[in-house]
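Before I ask anything, let me first share the structure, which is written out below as structure tokens.
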Amino acid sequence: MPELPEVETVRRGLLPEITGRTIQSVEPIDFPGVLGEYSVDEATARLAGRVITGLDRRGKYLVFALDDDAGLIVHLRMTGVLMLEARTSPAPRFHRLTIGLDGERDLRFADQRKFGRVIPASREALIGLDLKLGPEPLSDAFTADTLYASIHRRKAPIKSVLLDQGVVAGLGNIYVDEALFRAGIHPAALGASLGPEQAAGLHAAIQDVLRSGIEHRGTSFSSFRDAYGGKGANQHQLAVYGRGRSGLPCVRCGTPLMRIVLAGRGTSFCPTCQPM
DNA sequence: TGTTATGTTGCCAT
DNA sequence: TATGGCAACATAAC
């Protein structure tokens with residue numbers, strides 16, 4: 001599922017190709033709701049004629065910067081795929097929206113489960129998005145101290161806390177499980193039970209698993225594809241995600257991994273390496 | 001063939 | 001305010 005490394009992989013693929021392109025059209029295929037509250041006419045009025053001046057990422061959100069200081073926000077949610085494809089190429093499966101560009105290629109948004117959104121955003125809306133999200137985990141704003149400060153009063157399981165995008169932006173089920181394993185922390189341990197040293201270890205583990213994910217161009221465990229339809233390779237680097245269900249042995253100690261449910265998500269961990 | 005798991009965000013209840 | 005549960009949706013796997 002698209003988390004920070006997957007969204008960053010899409011961003012890096014798209015950036016050099018779409019900067020300077022002009023948006024020509026907004027064309028929903030079979031699901032107008034992909035535009036959120038916007039009608040096709042409203043979205044077209046805001047976007048058509050705008051030049052794309054940059055492409056940023058905030059947490060799991062892709063943010064296209066436009067020449068009028070407004071933007072276009074894309075969230076892939078569970079199964080969204082954003083691709084740059086030749087206008088003449090066959091439409092992708094689950095095609096929901098085309099953003100027509102000048103030149104021969106268009107941006108195409110496909111999404112099996114229709115959770116993803118492509119939404120125009122005013123300058124104010126972009127600021128609002130930034131304010132509601134926690135620090136970028138690979139930026140200087142995210143330190144062991146800031147992590148400790150934001151978790152040490154939380155009474156929820158640390159896994160739930162890390163999935164809170166207001167604590168740190170961009171973690172999802174895969175990278176949280178991997179980071180907790182790497183840090184040797186039980187996913188059900190309460191945030192408030194962790195000391196500064198554990199927070200420091202967790203901080204380093206989060207950065208490690210995210211950097212690895214980006215280096216391997218994302219985790220294509222199921223539907224994730226980059227901007228050109230390619231799969232990532234990070235699924236081969238995962239130590240615990242998805243492996244608790246069948247009790248596969250821990251790569252570190254051999255103990256059968258376990259699966260529990262936390263925050264409504266399947267959670268895999270090693271009961272030996274991640275004691276309560 | 002029916003049931004269940006999948007996992008993100010927002011909304012609602014506590 | 002913090003936390004947990006569930007809906008939105010389509011499909012694969014059991």
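Small disclaimer: the values here were computed from a predicted structure and weren't measured. Letters A, B, ... mirror the listed sequences (proteins, then strands); counts begin at 1.
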In whole Å, I'd like the distance from the CZ atom of A:Phe221 to the P atom of B:dT6.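 Taking atom P of B:dT6 as the reference, CZ of A:Phe221 is at 10 Å.
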Whole angstroms only, please: what is the CD1-P distance between A:Ile260 and C:dG4?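 After rounding, the reported distance stands at 12 Å.
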Are there more than 12 heavy atoms of other residues, nucleotides or ligands under 6.0 Å from atom CZ of A:Arg252?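 12 or below, so no.
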Does C:dT1 have a Watson-Crick or wobble mate here (both distances under 3.5 Å), and if so which one?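 Result: none.
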Identify whether any heavy atom of A:Tyr61 sits under 4.0 Å from a base atom; if not, whether one sits that close to sugar-phosphate; answer base, sugar-phosphate or nothing.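 Sugar-phosphate, no base atom in range.
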First encountered from the 5' end of DNA chain C, between A:Arg77 and A:Arg154: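 Of the two residues, A:Arg154 wins.
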Presence of A:Lys60 side-chain N/O under 4.0 Å of B:dT9 phosphate oxygens OP1/OP2: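 The answer is yes; a side-chain N or O of A:Lys60 sits under 4.0 Å from OP1 or OP2.
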Assess the residue pair A:Arg217 and A:Asp226 against the criterion (salt bridge (charged side-chain N to carboxylate O under 4.0 Å, His left out)); give the C-alpha distance rounded to whole Å, side-chain angles, the decisive distance to 0.1 Å, and a yes or no. CA-CA 8 Å; A:Arg217 304 181 51 78; A:Asp226 67 21; 2.7 Å; yes
Basic-acidic side-chain contact under 4.0 Å: A:Arg50, A:Asp67: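 Yes, this pair counts.
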Steps toward side-chain hydrogen bond (donor to acceptor under 3.5 Å, both in side chains) verdict (A:Thr98, A:His95): CA-CA 8 Å; A:Thr98 293; A:His95 191 195; 3.0 Å; yes
Give the rounded distance in Å between these two atoms: CZ of A:Arg243 and C1' of B:dA5.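 That distance rounds to 19 Å.
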C:dC9: pairing nucleotide in any strand, Watson-Crick or G-U under 3.5 angstrom: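 Its partner: none found.
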Checking contacts here: which listed nucleotide (C:dT11, B:dT8, C:dT3) is nearest the side-chain heavy atoms of A:Gln112?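 Side chain of A:Gln112 sits closest to C:dT11.
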Give the rounded distance in Å between these two atoms: CD1 of A:Ile73 and C1' of B:dT9.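 Answer to the nearest Å: 13 Å.
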Quick one: A:Phe94 CZ to C:dC9 P, roughly how many Å, whole number?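 Value for this atom pair: 15 Å.
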According to the interplanar angle, ranging from 0 to 90°, do the rings of A:Tyr61 and A:His75 count as parallel (below 30°), tilted (30 to 60°) or perpendicular (above 60°)?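 Rings of A:Tyr61 and A:His75: perpendicular, as their planes differ by over 60°.
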OP1 or OP2 of B:dT9 sitting under 4.0 Å from any side-chain N/O of A:Gln165?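 The answer is yes; a side-chain N or O of A:Gln165 sits under 4.0 Å from OP1 or OP2.
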Let's test your reading of the model: under 3.5 Å, does the base of C:dT11 pair with the side chain of A:Arg113 as donor and acceptor?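 For A:Arg113, whose side chain was compared with the base of C:dT11, there is no donor-acceptor pair (under 3.5 Å).
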If you define the side chain from C-beta out and look only at heavy atoms, does anything of A:Glu6 sit under 4.5 Å from A:Ser220?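 Counting from C-beta outward, A:Glu6 and A:Ser220 never come under 4.5 Å.
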Could you check whether A:Arg154 pairs with A:Asp164 (Lys NZ or Arg NE/NH1/NH2 to Asp/Glu carboxylate O, under 4.0 Å)?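 A:Asp164 and A:Arg154: salt-bridged.
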If pairing requires Watson-Crick or G-U wobble contacts with both distances under 3.5 Å, which nucleotide is the partner of B:dT1?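 Pairing partner: none.
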What is the nucleic acid contact for A:Gly264, judged by heavy atoms within less than 4.0 Å: base, sugar-phosphate only, or nothing?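 Here A:Gly264 touches no strand at all.
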Nearest-Å distance for atom pair NZ/P, residues A:Lys114 and B:dG10: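 Whole-Å distance recorded here is 20 Å.
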Just how far, in rounded Å, is C1' of C:dC6 from CZ of A:Arg265?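 These atoms are roughly 12 Å apart.
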Can you check whether A:His75 has a side-chain N or O nearer than 4.0 Å to OP1 or OP2 of B:dT9?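 Answer yes for this pair, as a side-chain N or O of A:His75 is under 4.0 Å from OP1 or OP2.
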Does some side-chain heavy atom of A:Asp68 sit less than 4.5 Å from a side-chain heavy atom of A:Val51?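 No. Closest side-chain heavy atoms not under 4.5 Å.
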Hey, does the side chain of A:Arg93 come within less than 4.0 Å of C:dA10's phosphate (OP1/OP2), counting only N and O?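 No, because none of the side-chain N or O atoms of A:Arg93 sits under 4.0 Å from OP1 or OP2 of C:dA10.
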P gap between B:dC11 and C:dC9, integer Å: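 Those two atoms are separated by 15 Å.
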To the nearest Å, give me how far apart CZ (A:Arg153) and P (C:dT3) are.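 Interatomic distance, CZ of A:Arg153 to P of C:dT3: 12 Å.
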Heavy atom of residues 115-133 of chain A under 4.0 Å from DNA chain B: which residues?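 Here the set is A:Phe115, A:Lys132.
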